[in-house]
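Here's the structure, in structure tokens; my notes come after.
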Amino acid sequence: MSPTSETAKGGRRLVIVESPAKAKTIKGYLGPGYVVEASVGHIRDLPKVAAEIPAKYKGESWARLGVNVDQDFQPIYVVNADKKSQVNKLKELLAESDELFLATDEDREGEAIAWHLQEVLKPKVPVRRMVFHEITKDAIQAAVRSPRELNKRLVDAQETRRILDRLYGYEVSPVLWKKVMPRLSAGRVQSVATRLVVERERERIAFRSAEYWDLTGTFATGRTGDATDPGTFGARLTTVDGRRVATGRDFGSTGTLKEGSQVLHLDETAARELAAALEGAAFSVRSVESKPYRRSPYAPFRTTTLQQEASRKLGFGAKSTMQVAQKLYENGFITYMRTDSTTLSETAVAAARAQVTQLYGADYLPEKPRMYAGKVKNAQEAHEAIRPSGDRFRTPAETGLTGDQFRLYELIWKRTVASQMKDAVGQSVTVKTGGRASDGRDAEFSASGKIITFHGFLKAYVEGADDPNAELDDRERRLPQVSEGDPLTAREITADGHATKPPARYTEASLVKELEEREIGRPSTYASIISTILDRGYVFKKGTALVPSFLSFAVVGLLEKHFGRLVDYDFTARMEDDLDRIAAGEAQSVPWLRRFYFGADEAGSGAAAEAGNGDGDHLGGLKELVTDLGAIDAREVSSFPVGNGIVLRVGRYGPYVERPAPPAEEGGKPEPGQRADVPDDLPPDELTVELAEELLAKPSGDFELGTDPETGRKIVAKDGRYGPYVTEILPEDTPKTGKNAVKPRTASLFKSMSLDTVTLEDALKLMSLPRVVGTDPASGEEITAQNGRYGPYLKKGTDSRSLEREEQLFTLTLEEALEIYSKPKQRGRGAAKPPLKELGTDPVSERPVVVKDGRFGPYVTDGETNATLRRDDDIETLTPERGYELLAEKRAKGPAKKTARKAPAKKSAATAKKAPAKKAPAKKAAAKKTAAKKTTAAKKPAAKKTTAKTAKKAAAKSSSAADGTE
DNA sequence: CAGTGAGCGAGCTTCCGCTTGACTT
């Protein structure tokens, strides 16, 4: 039953694959009668943001998660916004078809995509599941002939994974917003990736270097060198009086020899003395040892190895490697680039072998094709290895490619061809030579060389190495032809000093490699994992190295301490095992999720046994961990001792060092202590006590403006929490506490001024504020002009009036001031402003509805209920109906939310009232500074949010403090 | 992380895995 005979019957089939490029290729293999279209990846998912949650679930407590945790973790699926048009297209095509083939990838995600397609398209025609692992005509036609059923268990496993990731991400991230900084994130993959980078940095910080010395000698045979025999060779000192000389490997991370080590540790003096004593000594060859050398080619590329090699050889980052590969794939030059398989199809093997014979000759071709078994533990092998496409590989020159695409193609081509070539073989030789020093000590030197007699695959491809020294591995090194007993002359013997080095930082490529080995992440996500941790500010790049920020130390520290199980390196691996059992029908999704989320209280229950990833009797669920946050001390998780009593703290505006002030006297207010900003890009292992002292001694970012001629004090301009300001430096002996405390005069810059242009004159003028404008003849009260939180204002006793312009602080006359005071106080600029739009009368409250502009942007109000416009709403096009709808929504959820929130806050009712007062100050300046520091998008909302969280935190803190004293 | 004087509506951030264009700079 060939496809063509089916066509003759007039049946029309719709085949859906994941990728458009794949659809194009397959179309050619199936011919007429088949319509091949792509789903373009997943088409449905849990709602990502609040706006995507269907209205009917909006009031539910779990709606935020998109998963009904109270009812068997029922997920809410919505068609992805960017896939709606594609889904419609598929629906139309299906309407004209007699049969549907779901030909998505044969792995967990692919099976799920097929299931979602079936759910969304609701086909009325027969549905078949069709799978293939290579895109060749034979494979595709065979796949069409032998379809199978959808594997619902595999879909269950995927859904379980999806829900777990959602619960983890959307429950733990908010903990970070509350305890560290808004907009941060946590997730099964990114948090472990960040932890790896942080732990490596911790090792580097703890590392103590060791210095050790040895000798290098140049030995001559007495013969003149030629092409096959160099005549001389270099060798390194290995033993003295039979005792091995220490090398880097003999030292631990503490800078001392490893426990129980018997090796000889030479320092500079000892090395130089020995070198001198060996001068003129007679040497001879003690042994010549020859071993066969054999090396097999590397497996063809999969995603991670491609990323590693492109990084080492071409200097590409993971993201650009994938972008270039995507182009090559789309234009038909290579097979699919997101794969965990190293398997080549039969066609590919044949093509590679043909090319080996053609380019290198039959001598380089092994008798049988080489097979590469998958080394990746959780590999799903839905695709082939990454290789040149087609049944005949185009040489790089034949492709007509240029630039990065050419270079990446060449790399892939070489690696693929080399993978079907013979081993490289040769001999490795070790020559030992010894002599007696003038002081009687015996010194032995060793040299090793390698001769390759048959290059095999090395003709085509040599793998790059992260460590440049290791790259020499594949190179030849010839030693002179010597035999035991041959006399040698030591031409030169030099003492060399070495130091042990801390473990290297991860690069993008080595981190991806580590993640793959630990079964964390998938080929389609490796590049984006890097992007995520870079975007969040958890790591930054210094050259190719990934350096963790202090922020990541705080975040990882918190997660390790309070969510240890979730950032365990084996968490994902265990999850994979459990998912496999779900896919095999040996375990159930719901009990597994229940145990993860609600914990397992009933010991030995079926659920506990099935989840299988805990060790204790009682396993606290995620929900419990994120509900009770009292145990997480925000200050503690963001503080790290540096030494000398100095603490590094991660603040909302970046890292800073602090030397806490001495404890406050009885009843006195604690002093803030001495602080200094730490550059955002300072690698944590470079923050020494010395550097911290230096930073504290010379606060960074100060602009010295000069000296106040009247007081002799230094005047500086700084960037503070509330924006740029000027202040004076008080003499060291000024009392800062107690009764006679003197505070420095400070003043915010006017908006027209900037830190780098402000002059001493400006500063002195600003610091002269508040200015006495005059006395109100009516009351005898003094009227002053000053600059405050809300801008310039006049003050008379407790009565204040805002001024329009900052300059008025200096120019306003008493008459003008009295004029202002003669008018009633104008409250709030919003009140004076006319509404942005009038919408008519609300059907429920029967009040006029208008759109106003407020602190949080435009909102609709009927004078009683207020509702902020949503992201998609536009003032211009907003209809009255939409306005009523927003108000109705707000009325519906308003009271429910209030009671829900009040319940846990009972204890702190008294302190909670104070919070709003504290809330305001940080607002304006926080916005400014955040905007200045962060270059990423969406600055304003982030800064505004800070306010609320800070206030809440303050309230929470004071309440817990109060609890403590009871 | 400076220190001041009012009053006003919250809503959103975030996960991992599949896939590409459609957007704007």
Does the side chain of [X] get closer than 4.0 angstrom to OP1 or OP2 of [N] through an N or O atom?
X: A/R338; N: B/dT20; result: yes
X: A/T746; N: B/dG3; result: no
X: A/S173; N: B/dC15; result: no
X: A/S185; N: B/dC15; result: yes
X: A/R536; N: B/dC15; result: yes
X: A/R745; N: B/dA2; result: no

Go through [options] for me and flag the one nearest to the [X] side chain.
X: A/S19; options: B/dT14, B/dT19, B/dG5; value: B/dT19
X: A/Q190; options: B/dG11, B/dG17, B/dC15; value: B/dC15
X: A/Y336; options: B/dC1, B/dC18, B/dC16; value: B/dC18
X: A/R675; options: B/dC1, B/dT20, B/dC18; value: B/dC1
X: A/P20; options: B/dG5, B/dC15, B/dT19; value: B/dT19
X: A/T532; options: B/dT13, B/dC18, B/dC15; value: B/dC15

Spacing between [X] atom [atom1] and [N] atom [atom2], to the nearest angstrom:
X: A/K48; N: B/dC16; atom1: NZ; atom2: P; result: 13 Å
X: A/L559; N: B/dC15; atom1: CG; atom2: P; result: 13 Å
X: A/K22; N: B/dC18; atom1: NZ; atom2: P; result: 12 Å
X: A/M337; N: B/dC18; atom1: CE; atom2: P; result: 12 Å
X: A/D165; N: B/dC16; atom1: CG; atom2: P; result: 6 Å
X: A/Y329; N: B/dT20; atom1: OH; atom2: P; result: 5 Å
X: A/I530; N: B/dC16; atom1: CD1; atom2: P; result: 13 Å
X: A/L593; N: B/dC15; atom1: CG; atom2: P; result: 19 Å

[X] near the nucleic acid: base, sugar-phosphate alone, or nothing, with a heavy-atom cut-off under 4.0 Å?
X: A/D82; result: nothing
X: A/Q326; result: sugar-phosphate
X: A/G521; result: sugar-phosphate
X: A/L184; result: sugar-phosphate
X: A/G187; result: sugar-phosphate
X: A/S802; result: base
X: A/P174; result: base
X: A/A186; result: sugar-phosphate

Check this for me: does any side-chain nitrogen of one of [X] and [Y] sit under 4.0 Å from a carboxylate oxygen of the other?
X: A/E159; Y: A/R162; result: no
X: A/D105; Y: A/K22; result: yes
X: A/E782; Y: A/K796; result: no
X: A/E576; Y: A/R161; result: no
X: A/R847; Y: A/D842; result: no

Most 5' of A/A747 and A/P47 on DNA chain B, judged by nearest nucleotide: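 Looking at the nearest nucleotide for each, A/A747 comes out on the 5' side.
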A/T572 vs A/V860, nearer the 5' end of DNA chain B by closest nucleotide: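 Its nucleotide being nearer the 5' end, the pick is A/V860.
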Validation row: A/T861, A/V849 side chains within 4.5 angstrom (heavy atoms):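 Sidechains of A/V849 and A/T861: no contact.
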Close side-chain approach of A/P523 and A/Q380, heavy atoms under 4.5 Å: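 No - every pair of side-chain heavy atoms lies 4.5 Å or more apart.
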Whether A/Y859 stacks on the six-membered ring of B/dA10 base, 5.5 Å and 30° limits: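 Here A/Y859 fails the 5.5 Å or the 30° condition.
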Stacking check A/Y170 vs B/dC15 (5.5 Å / 30 deg):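 Stack criterion not met.
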Ring-face cation of A/R536 near A/Y538 (centre distance under 6.0 Å, axis angle within 45°):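 Geometry flag: not set, cation outside 6.0 Å or 45°.
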With no angle test and no hydrogens, is the base of [N] tied to the side chain of [X] by a donor-acceptor pair under 3.5 Å?
X: A/R161; N: B/dC16; value: yes
X: A/S748; N: B/dA2; value: yes
X: A/R522; N: B/dC18; value: no

